[in-house]
Amino acid sequence: MTEFTKKVLAIVRKIKKGKTMTYKQVADMAGSPGSARAVGSIMKKNYDLTVSCHRVIKSDGTVGDYNRGGSEMKKKLLEEEKIR
DNA sequence: TAGTTGACCGGAA
DNA sequence: ATTCCGGCCAACT
């Protein structure tokens, strides 16, 4: 658990409803540009409910992965929130 | 302490 | 457009 981790969590938590951020953006804001992989690694194990991890997607715009119900559900959630 | 893994990214073939 | 390869950083074993 490093500062970077906490920062990432805080940033993701600040993502407003209907907004989506890429792992790269989050990593960049956290202070470690290019560490998108680290962000995913963190989320995988330290996925808090206070953090809207399902709002975080890949730089390509694709949904990416999800452990809480699968990427299918995540995609749906984004469609529900993002598209409105 | 060192090595492996992974919800990724970007460039090359 | 798809597939392959190296790099990046935190967490796990």
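Quick caveat, the model's predicted, so the values are computed rather than measured. Every chain is numbered from 1 and lettered A, B, ... according to where its sequence line falls, protein lines coming before strand lines.
- At a cut-off of 3.5 angstrom, the base of dA7(B) holds no donor-acceptor pair with the side chain of Y47(A).
- In this structure, I42(A) and F4(A) have side chains that are in contact, with non-hydrogen atoms separated by less than 4.5 Å.
- The distance from atom OH of Y23(A) to atom P of dC8(B) is 6 Å, rounded to the nearest whole Å.
- Contact check for K24(A) versus V39(A): no side-chain heavy atoms found under the 4.5 Å cut-off.
- The side-chain heavy atoms of V26(A) and V12(A), taken from C-beta on, include a pair separated by under 4.5 Å.
- Counting non-hydrogen atoms under 4.0 angstrom, K24(A) reaches the backbone sugars and phosphates but no base.
- Ion pair E81(A)/K19(A) not flagged as a salt bridge, since none of the NZ, NE, NH1 or NH2 atoms sits closer than 4.0 Å to an Asp/Glu carboxylate oxygen.
- Contact check on K6(A) versus E3(A) returns a salt bridge, with a Lys/Arg side-chain nitrogen under 4.0 Å from an Asp/Glu carboxylate oxygen.
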Could you write out each protein N or O paired with an N or O of nucleotides 9-13 of chain C at a distance under 3.5 Å?
from: dA10(C); atom 1: O3'; to: T5(A); atom 2: OG1; distance (Å): 3.3
from: dA11(C); atom 1: OP1; to: T5(A); atom 2: OG1; distance (Å): 2.6
from: dA11(C); atom 1: OP2; to: M1(A); atom 2: N; distance (Å): 3.4

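- A straight line from CG of D60(A) to C1' of dC9(B) spans 8 Å, rounded to a whole angstrom.
- Separating the CG atom of L78(A) from the P atom of dA7(B) is a distance of 18 Å, rounded to the nearest angstrom.
- M43(A) has its side chain within reach of L9(A): a pair of non-hydrogen atoms, C-beta onward, lies under 4.5 Å apart.
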